[in-house]
Amino acid sequence: MAYRRTGSGKAHIAALLASASALSLAAALGSTPAPAEPDTATRTALLGRDLMSHALLQGLGAHAPTSPSPHRFPDPICDPALNSGERVQPAKCQLTPEPTPTPAPGPSPDPTPAPQPVPGPAPEPPKPQFAYHPPGALLEKDKGRGRTNDRFVYLPNIIFPLKLGAGQFPHMNSQIWGYGGGGWGGKGAAGGSESDRRNYDPMQQRDNYCEVRGWAMPLCPSGAGHQGQDIRPSTFKDNAWEAVAVADGTITNVTKNTTVQLKAKDGTDYYYLHMHPRSIQVKTGQSVKQGQVLGKVSKYMNGSPSTSLHLHFQARQTIKAGTKTITAYVPVFTSLVAALRRDKGLDPAIAADGTLAVDAAFEIGATPPVPPPQPDPQPAPEPVPEPAPEPAPTPEPSPAPAPEPTPEPAPAPTPEPAPAPEPTPSPEPSPTPEPTPEPAPTPEPAPEPAPAPAPTPEPSPAPQPEPTPAPSPEPAPAPAPAPTPAPQPAPTPEPAPEAEKGWWQWMKDGVSGWWSSWRN
């Protein structure tokens, strides 16, 4: 049958195109198999409501749907996980903006601050590795013989006479009263061996300068003593420990009895005894430097090994004892302690007056200095709050300041204050025989000019201050010196009735007239 075109054909063609578009879209959407078919009512609602909207959006260039994130669709109907059986998503799901993902909350900071480590007690200072008895504190067998009242350091610049390494210490103590010593005069033998470890205790350094001996010792209380200090080396080992020069100087003597004598530049003589004969490295007349090796410690005495293993060290100086100047063996224990402290990295503990300072950390039996009493701590007064300052009253508008009064001009300085008015003194009488002489000008200026009274005539004229003019028929005015003050001119008094004038009056009148004209 032939198709006849009528007026309503355009409408039918538009309907057919729309249906074809819808069917094409439905075919495209239906190409993906669905696990389950929706019911007829739901499909009809979707096709009737959303299919055309979706086709329209696609035709207008709307973006194709992408795989949404699980948190993209707040509406359950837009979530493909919940609507997996639907073939068409509602158009509004394409218009729903993707929500901004909220970052996962991190661990909240702990408001409580981390506990600060509590400082522990301050570390204790290292314990001293050597200690010494006070100067003059001898062993009990020599009690009372020591020079306990003398802490002076006679040799402040020496070094220790034994070369000691790190951790090595001397042992200054008695040889006769030590273990294996044998005592004195057959008494007091300690027994045992001289190598007894108790002879090598660095914590028992002891003075033996004045212990019992037969040598004359003017500085010891008994007048006799040992002369020096016995020093054992760190270990009981013969011909091993080096003795060194304590100061720069010259070797003045080397004996077969192994005595080496060193004279320092300041005149002090140092003596080293009991070194091994084959170890001595210096000769008489040789110059040595501080620290130079002289020999090695041994036990030689009187030419043979007949004493204990130690170095005997002594020093002789010229000193002032009381009112006398003497040359004697001086106490060396304080100087050796100061040198040992310096050798071990400590302060030598020499006080400002030259004595060995008391150091309770190293000196046995020394009492630590008592700190001055501290006042009881008083509770700090609570601060009194200062009263709030009262608000300043609003200043009333002040009138414009009146101009300062013009200061009155200061009076012109005068050489001296104006004298109070005094009665005008009578002028000197004019030397004229006439009854009415001309009044002389007033010498001092008066505040108000007044005519001077007529002077009383005298029979004989008196000398005038004006210079005497040369005699001439007519008076010639003579120059007068300028007055020092500059007085105000006084008015010339009216002349008295003219009388008959002599030559003297003529001359006086001329001078007066000249004076008046000069002042005016």
Side-chain angles (χ1 to χ4, degrees), residues 135 150-165 168 170 172 207-209 215-219 225-233 239-298 300-301 310-321 325-350 354-356:
D150 189 0
R151 297 183 66 95
F152 189 73
V153 180
Y154 290 86
L155 317 167
N157 300 316
I158 66 169
I159 63 174
F160 202 78
L162 287 183
K163 181 179 288 187
L164 302 170
Q168 296 175 342
M172 296 184 285
D207 184 9
N208 71 331
Y209 166 73
W215 304 101
M217 297 284 292
L219 298 183
H226 180 214
Q227 295 182 323
Q229 177 69 43
D230 288 340
I231 309 170
R232 299 180 195 262
N239 198 20
W241 295 95
E242 295 176 329
V244 296
V246 295
D248 294 349
T250 304
I251 303 300
T252 57
N253 193 18
V254 178
T255 70
K256 293 181 180 180
N257 197 26
T258 67
T259 297
V260 175
Q261 182 177 349
L262 166 65
K263 181 177 283 294
K265 294 181 178 180
D266 64 354
T268 304
D269 288 299
Y270 298 98
Y271 297 83
Y272 300 75
L273 281 71
H274 312 314
M275 292 188 291
H276 197 286
R278 293 192 299 271
S279 72
I280 297 176
Q281 303 180 17
V282 292
K283 297 179 181 180
T284 302
Q286 179 179 342
S287 296
V288 295
K289 292 292 185 181
Q290 187 180 60
Q292 183 173 337
V293 176
L294 305 179
K296 295 181 180 180
V297 179
S298 187
Y300 276 78
M301 184 173 67
H310 74 281
L311 175 71
H312 176 95
F313 178 79
Q314 63 190 39
R316 185 173 61 183
Q317 281 184 333
T318 300
I319 60 173
K320 190 172 183 179
T325 300
I326 61 173
T327 300
Y329 293 100
V330 295
V332 296
F333 183 72
T334 54
S335 303
L336 291 172
V337 167
L340 177 60
R341 290 176 61 98
R342 190 186 291 114
D343 183 79
K344 297 308 175 183
L346 301 172
D347 182 271
I350 300 176
T355 61
L356 182 67

Practice prompt. Measure the spacing between CG of Leu155 and CG of Leu336 and express it to the nearest 0.5 Å.
Written response: 7.5 Å
Worksheet item: So, Lys265 side chain and Thr250 main chain: donor-acceptor pair closer than 3.5 Å or not?
Response: no
Worksheet item: Looking only at heavy atoms, which two atoms of Ser335 and Val153 are closest? And how far apart?
Response: OG-CG1, 3.6 Å
Worksheet item: Can you name the ring pair (Phe, Tyr, Trp, His ring centres under 6.0 Å) partners of Tyr329, sequence neighbours left out?
Response: Tyr271
Worksheet item: Can any side-chain N or O of Glu242 pair as donor or acceptor with the backbone N or O of Leu294 at less than 3.5 Å?
Response: no
Worksheet item: What's the spacing between Ser298 OG and Leu273 CG if we round to 0.5 Å?
Response: 12.5 Å
Worksheet item: Judged by atom type as modelled, is there a donor-acceptor pair below 3.5 Å linking the side chain of Gln290 to the main-chain atoms of Asn157?
Response: yes
Response to the item:
What one should report as the nearest heavy-atom pair of Tyr272 and Pro161 is CE2-CB, 4.1 Å
Worksheet item: Judged by atom type as modelled, is there a donor-acceptor pair below 3.5 Å linking the side chain of Arg342 to the main-chain atoms of Pro348?
Response: no
Item to complete: Heavy atoms only: give me the nearest His276-Asn239 pair and the separation to one decimal.
Response: CB-OD1, 3.5 Å
Worksheet, complete the sentence: Thr318 meets the side-chain hydrogen bond (donor to acceptor under 3.5 Å, both in side chains) criterion, sequence neighbours left out, with Thr327
Worksheet item: What is the distance from atom NE2 of His312 to atom CG of Asn208, rounded to the nearest 0.5 Å?
Response: 8.5 Å
Worksheet item: Knowing that exactly one of Leu162, Asp230, Val246 qualifies, which makes a side chain to side chain contact (heavy atoms under 4.5 Å, CB included) with Phe313?
Response: Val246
Worksheet entry | Donor-acceptor contact below 3.5 Å, side chain Asn257 vs main chain Thr259 | no
Practice prompt. Look at the side chain of Arg232 and the backbone N and O of His310, then say whether any donor-acceptor pair between them is shorter than 3.5 Å.
Written response: no
Discussion item. Quick check: closest heavy atoms across Val332 and Gly228, and the distance to 0.1 Å?
Written reply: CG2-C, 4.4 Å
Worksheet item: Between CH2 of Trp215 and NE2 of His226, what distance do you get to the nearest 0.5 Å?
Response: 10.0 Å
Fill in: Residue pair Leu219 / Val330: nearest heavy atoms and the distance that separates them
CD1-CA, 4.2 Å
Worksheet item: For the residue pair Phe152 and Tyr154, is the inter-centroid distance of their aromatic rings smaller than 6.0 Å?
Response: yes
Discussion item. To the nearest 0.5 Å, what is the distance between CG on Asp150 and OG1 on Thr334?
Written reply: 7.0 Å
Worksheet item: Is there a side-chain contact between Val260 and Ile251, using heavy atoms and a 4.5 Å cut-off?
Response: yes
Item to complete: List the atom of Ile326, the atom of Pro218, and the distance in Å for their closest heavy-atom pair.
Response: CD1-CG, 4.3 Å
Practice prompt. Find the distance between CZ (Phe160) and NZ (Lys344) and round it off to the nearest 0.5 Å.
Written response: 9.5 Å
Worksheet item: When you measure from the side chain of His274 to the backbone N and O of Tyr300, does any donor-acceptor pair fall under 3.5 Å?
Response: yes
Worksheet item: Going through the checks in order, is the side chain to side chain contact (heavy atoms under 4.5 Å, CB included) test met by Gln168 and Trp241?
Response: CA-CA 11 Å; Gln168 296 175 342; Trp241 295 95; 3.5 Å; yes
